[in-house]
Amino acid sequence: MMAIKSHHCCLSFIFLLLPLLLQLHSVKCNLQLNYYAQSCPNAEEIIKQQVIKLYNKHGNTAVSWVRNLFHDCMVKSCDASLLLETVNGIESEQKSDRSFGMRNFKYVKTIKDALEQECPRTVSCADIVSLSARDGIVLLGGPRIEMKTGRKDSKRSYLPEVENTIPNHNDSMELVLSRFQSIGIDTQGVVALLGAHSVGRVHCVNLVHRLYPTVDPTLEPDYAEYLKGRCPTPDPDPEAVLYSRNDRETPMILDNMYYKNLLKHKGLLVIDQQLTSDPTTSPFVEKMAADNGYFHDQFARAVLLLSENNPLTGDEGEVRKDCRYVNSE
């Protein structure tokens, strides 16, 4: 009798879960490869060509596209809420301290304008964020990632939630891991995503606390002197061009030099160096430092998970005509 009751309870529990599982499956299924095959067959090629043109004129745009993906998809959804400007009661997520140093938003409009000329009101800004990051990664020497499309754009921004979802550069490793795990990215995926710090640069505002009044003892001494040369005062002007490259050897190549530098105590940010001191992450640092292919594989897997975080699909959002503003009609 007890066995029958237990079996009945299990069945009831499964039936209660079924609608939720189907809903989750439906969200993922609404994203698909070649979503624009009928409505705008050249969409992905247009984005790719625009990304290449912009890279050839302004190489740092490729880095911006990768950072855009991270900042957009970590906050609620991959829905281009990041791109909304402050207007008509909307406060832009770009105003957050977490967005300090972000740039090249104006070139998203370049990509969008090319798409609008070919297929008006068809390709979402959210898909531009994801696909420009995909193509930017390739230009930076990273892996080619097959991404699904079909995301819709949000009709609001989420400025108050930015600081509660995007980790800061001096947060604890425990907090950073928990933020990523909340959207389904595991520890080795987090270690791989932080490998994006292999490219680009960091403003001295985010570095000086490791140099003044005393040097962080986890920094390699010669490297600390180099950083002091780049950031000569403890109170740098945020508007000044005072930066240090994340990776001096291959500064615009997405490779495992980042991890090799970490093992030499040449991590630029606190969060970078913590990867080697935390026992849950250090084995992956060593493995990625030894094998660039392994790093690329894990990076591609994590970026794909990030790009599919809670997308708006169907009637949940819209396709903005201008990525900076919600549609007026």
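In what follows, residues are counted from 1 in the order of the sequence shown. This structure is a prediction, so every number in the text was calculated from the model and none was measured.
- Under the side chain to side chain donor-acceptor pair (under 3.5 Å) criterion, D216 pairs with R210, T218, not counting sequence neighbours.
- Between the side chains of D186 and Q181, no donor N or O sits under 3.5 Å from an acceptor N or O.
- Among residue pairs with one or both ends in residues 249-288, those qualifying as ring-ring contact (aromatic ring centres under 6.0 Å, His included) are Y259-F295; sequence neighbours excluded.
- Scanning for side chain to side chain donor-acceptor pair (under 3.5 Å) contacts around Y107 gives H58, with sequence neighbours left out.
- Counting only residues at least two apart or in different chains, ring-ring contact (aromatic ring centres under 6.0 Å, His included) contacts with residues 160-179 comprise H169-H209.
- Listed by chain and number, the residues in a salt bridge (charged side-chain N to carboxylate O under 4.0 Å, His left out) with R98 amount to none (sequence neighbours excluded).
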Compile the donor-acceptor pairs under 3.5 Å between side chains in residues 225-242 and protein atoms, sequence neighbours left out, one pair per line.
unit_1	atom_1	unit_2	atom_2	d
R230	NE	Y243	O	2.9
R230	NH2	Y243	O	3.0
D237	OD1	E239	N	2.9

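- D291 pairs by the side chain to side chain donor-acceptor pair (under 3.5 Å) definition with nothing, not counting sequence neighbours.
- Among residues two or more places apart in sequence or in another chain, the side chain to side chain donor-acceptor pair (under 3.5 Å) test is passed with E174 by none.
- Side-chain contact annotation: T110 with D113, donor-acceptor N/O pair under 3.5 Å absent.
- Summarising the hydrophobic clusters (Ile, Leu, Val, Met, Phe, Trp, Tyr; side-chain heavy atoms under 4.5 Å, direct or chained), the residues clustered with V205 are F100.
- Residues in residues 58-67 take part in no salt bridge (Lys or Arg N to Asp or Glu O under 4.0 Å) pair, two or more places apart or across chains.
- Applying the salt bridge (charged side-chain N to carboxylate O under 4.0 Å, His left out) test to K112 and every residue at least two apart in sequence or in another chain returns E116.
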Which pairs of donor and acceptor atoms, one on a side chain in residues 187-198, lie under 3.5 Å apart (sequence neighbours left out)?
unit_1	atom_1	unit_2	atom_2	d
Q188	OE1	Y294	OH	2.5
H197	ND1	D272	OD1	2.7
S198	OG	I253	O	2.9
S198	OG	D255	N	3.4
S198	OG	D255	O	3.4
S198	OG	D255	OD1	3.2

